[in-house]
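Beneath this line is the structure, given in structure tokens, with notes to follow.
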Amino acid sequence: MIKVGLTGGIGSGKTTVARIFETLGIPVYYADDAAKRLMNSNEELKPLIIKHFGEESYQHGELNRKYIASIVFNDKEKLELLNSLTHPVTMQDALVWMNKQTSPYVIKEAALLFESGAAEQLDYIIGVYAPQHIRVKRVMDRDKTTIEEVMKRVSRQIDEEMKMKLCDFVITNNDQQLVIPQVLELDKKFKALAVEI
Ligand code: ATP
């Protein structure tokens with residue numbers, strides 16, 4: 001089975017594109033959702049988070065999101081530390097999940113595929129590209145937030161153009177090109193590649 005990564009900058013439309021693949025019957029692993037679930041439930045990860053971020057990290061066994069967010073939001077090193085704890089556990093969970101699927105190919109959607117090293121466990125990577133001004137506007141509308149907040153999140157990610165160069169395929173999700181035909185074309189390509197294996 002072919003393992004495909006789906007990545008892109010904040011607000012590029014990763015989730016939107018992933019949902020289209022899902023409507024075609026392709027299983028999708030959402031890494032951010034999985035990481036949140038694993039922070040609550042994974043018995044290896046919880047003690048590590050407590051060790052580095054303190055007992056307040058959990059309340060009644062559940063991750064204290066507000067507390068963790070208040071620490072990592074303005075501290076790049078702390079964010080990187082949290083990611084370095086969650087990424088290996090999420091990567092392992094994704095691998096187990098992907099290997100259980102029976103479709104010709106599966107998709108792992110993640111914002112930080114290259115940064116986390118997860119790209120190495122995948123056969124192909126799709127990048128979702130949208131110009132920065134469109135991404136910022138979409139996230140402001142979606143999250144009802146300010147340009148300053150969105151720009152802070154954008155500045156933490158690696159350069160979008162550079163990221164797209166690392167991808168095997170790019171879906172352009174600006175306001176001009178239709179997305180569904182691009183997804184259908186890739187679906188055809190991966191199904192053909194799966195037959196060849
Ligand atoms: P994040 O990195 O924050 O998780 P994302 O890359 O998953 O974001 P989405 O949540 O899919 O991006 O898209 C961001 C917002 O833009 C959503 O509200 C989505 O509905 C909207 N959006 C995505 N693509 C388009 C499009 N082609 N036209 C209009 N709106 C779009």
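Counting starts at 1 for both ligands and their atoms, following the listed order. Note that these values count all heavy atoms, side chains included, but never hydrogens, waters or copies made by symmetry. Note that the structure is predicted; figures quoted are calculated from it, not measured.
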- Is there a donor-acceptor pair under 3.5 Å between the side chain of Thr7 and the backbone N or O of Ala110? yes
- Query: Of all heavy-atom pairs between Leu85 and Phe53, which one has the smallest distance, and what is that distance?
  - Reply: CD1-CE1, 4.1 Å
- Item | ligand 1 atoms in contact with Thr16 (distance to a heavy atom under 4.0 Å) | 9 (P), 11 (O), 13 (O), 19 (C), 23 (C)
- Query: Quick one: nearest non-hydrogen protein atom to atom 27 (N) of ligand 1, plus distance?
  - Reply: Asn173 OD1, 2.7 Å
- Message: Test salt bridge (charged side-chain N to carboxylate O under 4.0 Å, His left out) on Lys137 and Asp175; report intermediate values, then the result.
- Response: CA-CA 12 Å; Lys137 167 91 174 61; Asp175 288 334; over 6 Å; no
- Message: To check your reading of the model: name the closest protein heavy atom to atom 6 (O) of ligand 1, its residue, and the distance in Å.
- Response: Lys14 NZ, 2.7 Å
- Query: Quick one: does Gly8 get a heavy atom under 4.0 Å from ligand 1?
  - Reply: no
- Item | Selection from Gln176, Arg142, Arg138 by shortest heavy-atom distance to atom 17 (C) of ligand 1 | Arg142
- Query: Taking both backbone and side-chain atoms of Gly11, is any N or O found less than 3.5 Å from an N or O belonging to ligand 1?
  - Reply: yes
- Item | Ile10 to ligand 1, any heavy atom closer than 4.0 Å | yes
- Hey, does Gly9 sit under 4.0 Å from ligand 1 if you only count heavy atoms? yes
- Do the side-chain N and O atoms of Gln157 and Lys163 include a donor-acceptor pair separated by under 3.5 angstrom? no
- Nearest non-hydrogen protein atom, atom 7 (O) of ligand 1: Thr15 OG1, 2.7 Å
- Note on the structure: Tyr105 meets the ring-ring contact (aromatic ring centres under 6.0 Å, His included) criterion, sequence neighbours left out, with Phe190
- Message: At less than 4.0 angstrom from any non-hydrogen atom of Gly13, what atoms of ligand 1 do you find?
- Response: 5 (P), 6 (O), 9 (P), 11 (O), 12 (O), 13 (O)
- Message: Can you pull out every side-chain hydrogen bond (donor to acceptor under 3.5 Å, both in side chains) where at least one residue sits in residues 27-46? Sequence neighbours excluded, please.
- Response: Arg19-Tyr30, Glu22-Tyr30, Tyr29-Asp93, Arg37-Asp93
- Query: Of the non-hydrogen atoms in Gln132 and Val154, which two are nearest, and what is the gap between them?
  - Reply: OE1-CG1, 3.7 Å
- Looking at ligand 1, does Ala111 have a heavy atom less than 4.0 Å from it? no
- Spacing of CD belonging to Gln59 relative to NZ belonging to Lys66, to within rounding of 0.5 Å: 10.0 Å
